[in-house]
Amino acid sequence: MRPSLAHRLGGGLFALILTTGLAIAQQPAAAPAPTAGQMQVARDLVNANGEARAFNGVIANLVDGAALGFLQSNPDLAPQLRDVALALRPEFEKRQAEIIDMVAASYAQRFSEAELKEALAFYKSATGQKMVNERPIIVQQAVQNIQAWSSKLNADAMERIRTEMKKRGYDL
């Protein structure tokens with residue numbers, strides 16, 4: 001089964017984040033470590049702009065995935081592994097702040113505390129909150145539009161290829 005465009009876009013975004021992260025990690029560390037003030041404002045920004053919510057469920061998925069890793073060699077333990085994963089989730093959910101800190105550090109390394117405060121002020125404004133709240137609907141609509149566009153583009157390309165191949169003596 002072919003993955004949907006939404007899955008491919010999500011996978012592409014994930015790959016972009018990974019490769020960008022690797023590229024950034026390979027750059028020499030020229031910037032000084034963020035201050036405590038920068039980090040706090042950056043954490044507030046990550047919460048205000050909705051990025052923190054994007055990681056909800058990640059830890060549960062990781063814990064469940066770790067338990068499933070034992071399933072292949074122990075298929076008879078499926079119910080027990082599920083129960084253990086559910087029991088361990090709260091322990092690992094306490095580490096959610098680590099994710100927020102990683103994202104916040106990325107902002108704090110690139111923006112001054114004053115710039116972070118300006119961005120935070122925007123996201124706390126009515127327009128900023130509207131942007132955060134409307135983002136899921138906008139992304140969904142964009143993905144649907146891109147799917148329809150790509151379908152049309154594919155049909156157009158197939159027709160053009162068919163026409164060009166016919167000119168060359170091939171009837172597709």
Side-chain angles (χ1 to χ4, degrees), residues 1-29 31-111 113 116-117 119-120 122-124 128-148 150:
M1 175 157 71
R2 285 181 41 169
S4 71
L5 181 60
H7 286 109
R8 289 188 308 238
L9 287 174
L13 180 59
F14 182 72
L16 176 65
I17 289 168
L18 286 178
T19 57
T20 303
L22 291 174
I24 290 169
Q26 292 171 355
Q27 293 176 356
T35 66
Q38 279 177 292
M39 282 299 295
Q40 185 55 55
V41 178
R43 279 185 206 98
D44 293 343
L45 175 62
V46 170
N47 282 303
N49 72 11
E51 289 175 355
R53 283 185 264 164
F55 298 102
N56 289 347
V58 167
I59 290 176
N61 288 337
L62 288 171
V63 172
D64 292 350
L68 286 173
F70 293 101
L71 191 59
Q72 188 172 4
S73 58
N74 302 286
D76 54 323
L77 296 179
Q80 293 88 343
L81 287 167
R82 184 184 57 77
D83 291 345
V84 167
L86 287 172
L88 291 177
R89 279 185 190 176
E91 175 184 335
F92 286 95
E93 290 288 345
K94 293 175 186 172
R95 296 180 64 179
Q96 182 79 16
E98 293 173 30
I99 297 172
I100 305 309
D101 283 349
M102 286 184 269
V103 177
S106 294
Y107 279 105
Q109 290 168 352
R110 289 162 185 77
F111 294 91
E113 189 170 344
L116 291 166
K117 285 179 178 178
L120 180 59
F122 168 74
Y123 280 105
K124 286 186 171 183
Q129 284 300 295
K130 182 176 181 181
M131 184 172 282
V132 169
N133 293 329
E134 295 292 326
R135 185 177 297 144
I137 297 164
I138 292 166
V139 169
Q140 180 183 1
Q141 181 181 9
V143 167
Q144 289 171 346
N145 291 342
I146 291 168
Q147 286 174 329
S150 66

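Keep in mind that what you see is a predicted model, and the values were worked out from it rather than measured. For the numbers below, each heavy atom of this structure counts, side chains included, while hydrogens, waters and symmetry mates do not.
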Side-chain donor-acceptor distances from residues 130-138 under 3.5 Å, at least two apart:
from	atom 1	to	atom 2	distance (Å)
Asn133	ND2	Gln129	O	3.1
Arg135	NH1	Asn49	O	2.9

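- For CZ of Phe122, the number of neighbouring non-hydrogen atoms (other residues, nucleotides, ligands) closer than 6.0 Å is greater than 12.
- Listed by chain and number, the residues in a side chain to side chain donor-acceptor pair (under 3.5 Å) with Glu98 are Arg95 (sequence neighbours excluded).
- Considering only residues two or more places apart in sequence or on other chains, Glu93 meets the side chain to side chain contact (heavy atoms under 4.5 Å, CB included) condition with Ile59, Ala60, Gln96.
- The side chain to side chain donor-acceptor pair (under 3.5 Å) analysis of residues 61-72, with sequence neighbours excluded, yields the pairs Asp64-Arg89.
- With sequence neighbours excluded, the residues forming a salt bridge (Lys or Arg N to Asp or Glu O under 4.0 Å) with Lys117 are Glu113, listed by chain and number.
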Give the table of side-chain donor-acceptor pairs shorter than 3.5 Å for residues 50-57, with sequence neighbours excluded, one pair per line with atom names and distance.
from	atom 1	to	atom 2	distance (Å)
Glu51	OE1	Tyr107	OH	3.0
Glu51	OE2	Tyr107	OH	2.6

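- Listed by chain and number, the residues in a side chain to side chain contact (heavy atoms under 4.5 Å, CB included) with Ala48 are Leu120, Tyr123 (sequence neighbours excluded).
- Going from atom CG of Leu45 over to atom CE of Met39 covers 11.5 Å, rounded to the nearest 0.5 Å.
- The heavy-atom pair separating Pro34 from Gln109 by the smallest distance is CG-CG, 3.7 Å.
- Applying the side chain to side chain donor-acceptor pair (under 3.5 Å) test to Asn74 and every residue at least two apart in sequence or in another chain returns nothing.
- In terms of heavy atoms, Pro90 sits closest to Ala87 at CD-O, 3.4 Å.
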Check: residues 99-106 side-chain donor-acceptor pairs under 3.5 Å, at least two apart:
from	atom 1	to	atom 2	distance (Å)
Asp101	OD1	Arg43	NE	2.5
Ser106	OG	Met102	O	3.3

